[in-house]
Amino acid sequence: MAKAKKQTKAGKLSIADMRKLVNKKAGIQVAHDLTGENPTEVKGWIPTGSRWLNGIICRGQMAGIPVGKISSIAGLSASGKSYMAAQIAGNAQDMGIQVVYFDSESAIDPSFLANAGCDIDNVLYVQAQSVEFVLETIEQLLSSNEGRMLFIWDSLAQTPAISDIAGDFNPLSSMAVKPRILSKGFAKLTQPIANSEATLLILNQLKTNITSNIWEARMEPYFTPGGKALKYAYSLEIWLTARKNKDAKIFDDKGFQVGSELKAKIKKSRFGSERSEGRECGFKITWAGDDVHILDEESWFEAIKSSEHLRNGGAWWTLVYDDGTEKKFQGPQWLTLLEDEKFRTRVLELLDEEVVMKFKEKTGDASAFYSLEGEEDEKAKAKA
């Protein structure tokens, strides 16, 4: 009778050996040392055009749109989504990142992109024929191009599925088709985007949440189309809405509206040891004429008003330098004073302190980080 083979017990593998074994099985590098370079790290941030917004995205640092991740900017109609995307595209090009712009509305104006700072000769413009086409094109470009890319999808809500194009106009005939496609597509693309250090920025719409639940309507007045799976794919989600103050519109010297003031709210951020969900900031955007940009420096004034180093007395403000000297000024002088290097440097120090460091270190009133409208409500009560 043949003897049974003696089973040998495998020895204990080190983490390094297991990593090699897993990578050999996968055929590519999927197992990483978290103390070294790995795909979970953000390899860079593309500035949004608003320093205040950059400062509330990731706890403890100036950030922006994360490279290697999927992000979303959703907003109401004419809230500034495309204007912000144009700014981000221009900033990405300055970083040597190639821009691929998917347009579902065939409405982007080349001169608008150029006025926003984009090199339109180096923007790949693609009509977003269908969600399947956009997802497949991104997949193909990721596998064919070794350069870093920023994909802008404007907008997801307006991009149909193939079944929507081929079918009739009855919405019930293709119900939930697009969310299912997006759920599968994003699950498939998340890792290739991270490994390629690419960036996917999705522009989406905010739609009114129609519900009979009064509490729900007050707490969540809006929702984004595309299905709930998108929320899990996003590393960063920003909502844009209009400010409620009376100065929410910008007019030129002849009374024509040339811009608007927005409120940006962080709905999701996976960055930092403590998340930034719920943080808000405000800024103005000019979107008419030859000067398309975010009025970044103007927003710094509001961002640092809570600083103990900026005092107010009627129409006058006093900025206290770190050496104890002071500079008195009035609001209309703000932009002119920022041309002075000493004044500008001090303002940026206070901006970092108020927006970044105080939130990181949990100093000051927490409500100041989360609600702009609460501040405006207090001002309204004081005037009443």
Next on the checklist: Holding to ring-ring contact (aromatic ring centres under 6.0 Å, His included), I want the full list of residues that pass it with Phe301, two or more places apart in sequence or in another chain.
Outcome noted: Trp317, Phe329, Trp334

Next on the checklist: To the nearest 0.5 Å, what is the distance between SG on Cys58 and NZ on Lys360?
Outcome noted: 10.0 Å

Next on the checklist: On the six-membered ring of Tyr370, is Arg279 placed so that its NZ or CZ lies under 6.0 angstrom from the centre and within 45° of the ring axis?
Outcome noted: no

Checklist entry - Could you state the interatomic distance from CD (Glu354) to CZ (Phe359), rounded to the nearest 0.5 Å? => result 14.0 Å

Next on the checklist: For Trp52, give me all partners under ring-ring contact (aromatic ring centres under 6.0 Å, His included), at least two apart in sequence or on another chain.
Outcome noted: none

Next on the checklist: I want to check something: taking the side chain as every heavy atom from C-beta on, are Leu135 and Ile181 in contact at a cut-off of under 4.5 Å?
Outcome noted: yes

Checklist entry - Once you round to the nearest 0.5 Å, how far does CZ of Arg270 lie from CD of Glu237? => result 13.0 Å

Without placing hydrogens or testing angles, list every side-chain donor-acceptor pair under 3.5 Å for residues 307-314, not counting sequence neighbours.
{"unit_1": "Ser307", "atom_1": "OG", "unit_2": "His309", "atom_2": "N", "d": "3.0"}
{"unit_1": "Arg311", "atom_1": "NH2", "unit_2": "Glu326", "atom_2": "OE2", "d": "2.7"}
{"unit_1": "Asn312", "atom_1": "ND2", "unit_2": "Gly314", "atom_2": "O", "d": "3.1"}
{"unit_1": "Asn312", "atom_1": "ND2", "unit_2": "Trp316", "atom_2": "O", "d": "3.1"}

Item to check | Sequence-distant partners of Ala157, side chain to side chain contact (heavy atoms under 4.5 Å, CB included), two or more places apart | outcome: Ser155, Asn204, Gln205, Pro225

Next on the checklist: To check you understand the geometry: which heavy-atom pair defines the closest contact between Ser130 and Thr159, and what is its length?
Outcome noted: C-CG2, 3.5 Å

Item to check | Expected output: side-chain Asn54 to main-chain Ser50 donor-acceptor under 3.5 Å | outcome: yes

Next on the checklist: Taking the cut-offs as 6.0 angstrom to the six-membered ring centre and 45 degrees off its axis, would you call Lys267 and Trp239 a cation-pi pair?
Outcome noted: yes

Item to check | Phe112: ring-ring contact (aromatic ring centres under 6.0 Å, His included) partners, not counting sequence neighbours | outcome: Tyr83

Next on the checklist: Tell me if the NZ atom of Lys231 is crowded by more than 12 foreign heavy atoms within 6.0 Å.
Outcome noted: yes

Item to check | Arg344 bridged to Glu297 by N-O distance under 4.0 Å | outcome: yes

Item to check | Enclosure of Gln191 CD (heavy-atom neighbours >12, cutoff 6.0 Å) | outcome: no

Next on the checklist: I'd like to know if the side chain of Lys178 reaches the main chain of Leu156, judged simply by a donor and an acceptor atom lying under 3.5 Å from each other, with no hydrogens or angles considered.
Outcome noted: yes

Checklist entry - Roughly how far apart are Lys228 NZ and Phe223 CZ, rounded to 0.5 Å? => result 11.5 Å

Checklist outcome for this item: The residue among Val99, Ile193, Ile46 that forms side chain to side chain contact (heavy atoms under 4.5 Å, CB included) with Thr199 is Ile46

Checklist entry - For Tyr232, does the OH atom sit with more than 12 other heavy atoms under 6.0 Å from it, leaving out its own atoms? => result no

Checklist outcome for this item: Note: Leu262 and Gly80 closest approach over all heavy atoms is CD1-CA, 4.2 Å

Checklist entry - Would you say the side chain of Arg59 lies within less than 4.5 Å of the side chain of Val356, judging by non-hydrogen atoms? => result no

Checklist entry - So do the side chains of Ile152 and Phe102 get within less than 4.5 Å of each other, counting heavy atoms only? => result no

Next on the checklist: I'd like to know if the side chain of Asn23 reaches the main chain of Val30, judged simply by a donor and an acceptor atom lying under 3.5 Å from each other, with no hydrogens or angles considered.
Outcome noted: yes

Next on the checklist: Is the shortest side-chain heavy-atom distance between Ile73 and Thr48 below 4.5 Å?
Outcome noted: no

Next on the checklist: Go through it in stages, so that I can follow the logic: the residues are Trp300 and Leu348, the test is side-chain contact (heavy atoms from CB on, under 4.5 Å), and I'd like the CA-CA distance, side-chain angles, deciding distance and then a yes or no.
Outcome noted: CA-CA 8 Å; Trp300 299 353; Leu348 291 176; 3.6 Å; yes

Checklist entry - For Glu361, does the CD atom have more than 12 heavy-atom neighbours from other residues, nucleotides or ligands under 6.0 Å away? => result yes

Checklist entry - So, does Gln140 use its side chain to make a donor-acceptor pair with the main chain of Thr137 at under 3.5 Å? => result no

Checklist entry - Would you call His293 and Ile285 a side-chain contact if the rule is heavy atoms closer than 4.5 Å? => result no

Checklist entry - Pick from Leu236, Leu230, Ile238: which one makes a side chain to side chain contact (heavy atoms under 4.5 Å, CB included) with Tyr234? => result Leu230

Checklist entry - Is the backbone of Asp103 close enough, under 3.5 Å, to the side chain of Asp154 for a donor and an acceptor to pair up by distance? => result no

Checklist entry - Any side-chain heavy atom of Leu124 sitting closer than 4.5 Å to one from Gln98? => result no

Item to check | Ala63 backbone acceptor or donor facing Gln61 side chain under 3.5 Å | outcome: no

Next on the checklist: A side-chain contact here means heavy atoms from C-beta on lying under 4.5 Å apart; do Leu141 and Phe151 qualify?
Outcome noted: yes

Checklist entry - Salt bridge between Asp352 and Arg51, side-chain N to carboxylate O under 4.0 Å? => result yes

Item to check | Sequence-distant partners of Asp94, salt bridge (Lys or Arg N to Asp or Glu O under 4.0 Å), two or more places apart | outcome: none

Checklist entry - Do other residues, nucleotides or ligands put more than 12 heavy atoms under 6.0 Å from Lys328 NZ? => result no

Checklist entry - Considering only heavy atoms from C-beta outward, does the side chain of Leu150 approach that of Tyr101 to under 4.5 Å? => result no

Checklist entry - With a distance cut-off below 6.0 Å to the six-membered ring centre and an angular limit of 45° from the axis, does Lys327 pair with Phe343 as a cation-pi contact? => result no

Checklist entry - Is Thr345 reaching over with its side chain to a backbone N or O of Glu341, donor-acceptor style, under 3.5 angstrom? => result yes

Checklist entry - Do the side chain of Ser269 and the main chain of Ile57 share a donor and acceptor less than 3.5 angstrom apart? => result yes

